[in-house]
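On a predicted model such as this, the values are computed, not experimentally measured, just so you know. Each chain gets a letter, A, B and so on, in the order its sequence line appears, and its residues count up from 1.
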Amino acid sequence: MKILVTVKRVIDYNVKVRVKPDHSDVDLANVKMAMNPFCEIAVEEAVRLKEAGLATEILAVSVGPKACQEQIRTALALGADRGIHIETEDFPESLEVARLLAKVVEAERPELIITGKQSIDSDNNQTGQMLAALLDLPQGTFASALKLADGRVEVTREIDGGLQTLSLSLPAVVTTDLRLNEPRYASLPNIMKAKKKPLEVRTPAELGVQPRAHTRLLKVEAPAERKGGIKVASIDELVEKLKNEAKVI
Amino acid sequence: MPVGILGGLRRGSANPPYDYDNNKVFEEDRAMRESMEFDVVIVGAGPAGLSAACRLMQLAAEQERALEVCVVEKGSEVGAHILSGAVIEPRALDELFPDWKERGAPLNTPVSEDRLYLLKSAGQAIRLPDPLVPKTLHNQGNYVASLGNLVRWLGEQAEQLGVQIFPGFAAAEVLYREDGSVKGVATGDMGVAADGSRKDSFEPGIELHAKYTLFAEGCRGHLGQQLRRRFELERNADPQHYGLGIKELWDIDSARHQPGLVIHGSGWPLQGDASGGFFLYHAENNQVVVGLIVDLNYVNPWLSPFDEFQRMKHHPVLKHYLEGGKRVSYGARAIAKGGFNALPEMVFPGGLLIGCEAGTLNFAKIKGTHTAMKSGMLAAETVFEALVDGDEGGRALEAFDERFRASWLYEELYRSRNFGPALHRFGALGGGAFNFLEQSLFSGQLPITLRDRDEDHARLRPAADFSSIAYPKPDGLLSFDKLSSVFLSNTNHAENQPCHLVLKDAEVPVASNLPCYAEPAQRYCPAGVYEVSGDEREGWRFQVNAQNCLHCKTCDIKDPAQNIVWTTPEGGGGPNYPNM
Ligand SMILES: Cc1cc2nc3c(=O)[nH]c(=O)nc-3n(C[C@H](O)[C@H](O)[C@H](O)COP(=O)(O)OP(=O)(O)OC[C@H]3O[C@@H](n4cnc5c(N)ncnc54)[C@H](O)[C@@H]3O)c2cc1C
Ligand code: SF4
């Protein structure tokens, strides 16, 4: 069984995001980038399925500028077998990414597609869903557990107030939530081996897709800075302030 | 926000369990470790390590020889742990990549003007007239740049030349052959819990074996310290002297920005026996860097380099540029400033110390980049020559010394040998005058050598000899508190790992450092890692918030009891400096 995992290059989660002085976007100059943590979880899950003998090949796909190949290499070091980089100048919008991925899925015919539930930069939470819709495939989003059996995949989903377990026919799209697994470290020998694994570069034109822009970024603003706390002298004062100033009670 | 969720989940509790007896590698794990063979292994992807790597591959390409060179770097990426000024002298770079401009090296801002100030008080300053500025502080032909970005570029060049670079892997241990020569290094285990047990994600370290190993960890390298002791490399050297450099990057008002303007100065707010100097460089994109280097031979344990820096920014000379601007980044790093007299033997069986690991910084110029690069290049040439001659490794490459002595690096360091000791001996004014005479009139050729034999940590005097220093509260505009500062360094260490700041004796902080020196770690650490809590009645507690550590190495240097040992945390941990 072949598994396709998606990996996105995003700003590292340790980095405090800085807004450009003209508010046009987030400043990415010389900022540490990394694989989207939810994509790491997707890769880890695929590798575990392969280690359990349930999958035979793992294909890692990334859409974006040339530097995305670093994240594909990381996926290869973590255990993916080969990579496809769809090279674009910028990061296309989710729908366009889904359309590009759909073309790869049509050509590669994986039985399971695992994506992160969202990327921590744009927080859209829609690429997996859009991909499933474009391909007319079943989807299991926010997976916290995943089981392959009898030609189906059982996905436990984290939903408000509890868990929901679905059984999907294959092929299917699954998006990962935080608790699905704890990703491993890439070992040094595996990083070296990853440099020799196949990585194919494709263009949107080759895939017959012309990415379009549906939205325009107007402005980015940093969250308001937290104001210093104050000390209250009595419980009455606290209640008074919560009522009249903070207006929370 | 998912970043927050993730952060919370992975970072976990603010204070890791307090554990001294850590960083031990289990014997069974050691036996289980895989090994990889290289011709040369380099520890640290700074200017020294990467220049050595590039030079080795250039020579191999010229002579059409296959060479396996690997560099390990503890930062999450190349450049993540690099913090410097920096005004960069391109001499070594010109030699290494004469076409660096075409290759896009990020040196974009030539120095346009040099100014030197003596801050007399919180409000007053004198600007030294140009003819009185020591020759070593003239910067025509140099560039204001981010060393972190230059190093990122050097990393790309090295990779293109075929060097294997492994960021995110710390060299945690030196490996020796049976004959006692250095055989390589082992990377640290990943996925070890705070109590020493293995987590699910456990990944044992790897042994990297090499014919020769170059140690380029920068100032106060953790493995370098072990090598110095084991091979008695300091037998003929004066003790090393250090400074703690604290630096910020600011976006400023474009009307106040003058690309290439370089300002240095000393004096206020450092008082009494404390010395140091500040810098403010105008870089590209309306940014300036501002920093203070405090000499770590200060005697008053109440001194807080961080707070001195914060209040210094209120001086009109600095405020003039910073006012209305926004702080973008913060960080700190020690520098080794002992220079020529403190240089240890750089060669030992199986390897060399290069760059600030050895102490090649030229303090008269406050520059260590070009000298670190040159030392790496000389080491590369020496090692390559040996390998070409069929050397199987493990020897002490004495040929390095000759190469070093014949180089401009040696001459430059020799000329500046009296600069630091003069300041220590005659104070800022007298020493400054001596240095001016010596450096400018005699070009460092006076036939005298001043020595400075007190170790920095031994200079600290009891807290009772001084009254404590009342630092002004930060205003949140020009000055800030430690926590919000550390936040901007993007530092992080995976939660639940052994504390990498090892106390040889857990009792020392509370039992002796506290009563005698009011535990200075609380103040000298620029990241607020060390805290003392409790009271007389309940008893005192010494707390180590290791996850905030900036890897500056000050605690390893300044602890009066020499009781704190900085060891490598799990690879990838530590600051993530952009553009520093
Ligand atoms: C505040 C400040 C201002 C300065 N200003 C200037 C200036 O204006 N001009 C100038 O030329 N110089 C300046 N310097 C000095 C200059 O930065 C150093 O001389 C130079 O960085 C030394 O290079 P290096 O390669 O020897 O060490 P470093 O630059 O310190 O690099 C060492 C590298 O090794 C890595 N490392 C360390 N230990 C390990 C390990 N065990 N395993 C794996 N990796 C490891 C580190 O993460 C780091 O990336 C300044 C320094 C400071 C602190
Ligand atoms: S703990 Fe030591 S090395 Fe880390 S930031 Fe503090 S003084 Fe520097």
Side-chain angles (χ1 to χ4, degrees), chain A residues 10-22 26-34 36-38 40-41 44 48 67 70 73-74 77-78 116-125 177-179 181-196 222-223 225-228, chain B residues 1-7 9-11 34-36 70 72 75-77 79-80 106 146 148-149 152 164 166-169 187 190-191 199-206 208 251 254 285-286 326 328-329 476 484 487-494 570-580:
Chain A
V10 298
I11 194 162
D12 188 285
Y13 74 93
N14 285 314
V15 171
K16 311 306 176 287
V17 172
R18 170 173 177 263
V19 174
K20 287 187 181 166
D22 66 359
V26 162
D27 187 3
L28 294 183
N30 300 301
V31 164
K32 165 92 169 69
M33 304 293 280
N36 178 37
F38 293 105
E40 265 185 314
I41 295 171
E44 176 66 28
R48 289 187 187 185
E70 279 173 34
R73 289 284 172 213
T74 307
L78 291 168
K117 71 168 179 182
Q118 67 194 54
S119 59
I120 63 166
D121 53 357
S122 52
D123 268 357
N124 282 329
N125 182 349
D177 214 325
L178 208 54
R179 268 162 284 269
N181 59 50
E182 192 191 327
R184 69 192 64 196
Y185 299 95
S187 77
L188 219 145
N190 286 342
I191 293 174
M192 276 189 81
K193 281 179 212 145
K195 294 188 178 171
K196 301 204 174 78
E225 274 181 41
R226 192 181 160 273
K227 291 208 191 80
Chain B
M1 216 171 122
V3 182
I5 298 170
L6 273 168
L9 210 92
R10 292 209 181 164
R11 263 171 240 158
E34 277 184 64
S35 68
M36 289 161 79
C70 122
V72 283
S76 63
E77 63 170 359
S146 150
N149 293 345
R152 285 181 177 93
Q164 306 263 7
F166 299 113
F169 291 90
T187 62
M190 311 278 267
K199 297 191 268 186
D200 283 351
S201 55
F202 177 78
E203 185 71 53
I206 302 284
L208 303 170
D251 282 337
S254 58
N285 303 329
N286 291 325
K326 191 169 175 355
V328 177
S329 190
S484 66
F487 182 78
L488 289 180
S489 69
N490 299 322
T491 196
N492 188 28
H493 293 84
E570 190 169 277
N576 284 289
Y577 294 135
N579 308 310
M580 294 287 267

Result for side chain to side chain contact (heavy atoms under 4.5 Å, CB included) between A:M33 and one of A:D121, A:L28, A:V15, A:D12 points to A:L28

Can you tell which of A:N36, A:N125, A:N124 makes a side chain to side chain contact (heavy atoms under 4.5 Å, CB included) with A:S119? A:N36

What residues form a side-chain contact (heavy atoms from CB on, under 4.5 Å) with B:D200, not counting sequence neighbours? none

Can you list the residues that meet the side-chain contact (heavy atoms from CB on, under 4.5 Å) rule with B:K326, with sequence neighbours excluded? A:E225

Do [X] and [Y] have side chains that approach each other closer than 4.5 Å (heavy atoms only, starting at C-beta)?
| X | Y | value |
| --- | --- | --- |
| B:F169 | B:I206 | no |
| A:N14 | A:K32 | no |
| A:L78 | A:R184 | yes |

Contact origin within B:T187 toward chain A - heavy atom pairs under 4.5 Å: side chain

If I measure from the heavy atoms of chain A, does B:M190 come under 4.5 Å with its side chain, its backbone, both, or neither? both

By a 4.5 Å heavy-atom criterion (distance strictly below it), what part of A:A186 contacts chain B: side chain, backbone, both, or neither?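 Contact with chain B: backbone only.
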
Under 4.5 Å heavy-atom distance to chain B, tell me which part of A:P21 shows up: side chain, backbone, both or neither. side chain

Once side chain to side chain donor-acceptor pair (under 3.5 Å) is applied, do any residues pair with A:K195, and if so which ones, sequence neighbours excluded?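 Partners of A:K195 by the side chain to side chain donor-acceptor pair (under 3.5 Å) criterion, ordered by chain and then number, come out as B:Q164.
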
Among residues 570-580 of chain B, which ones touch chain A with a heavy-atom distance under 4.5 Å? B:E570, B:N576, B:P578, B:N579

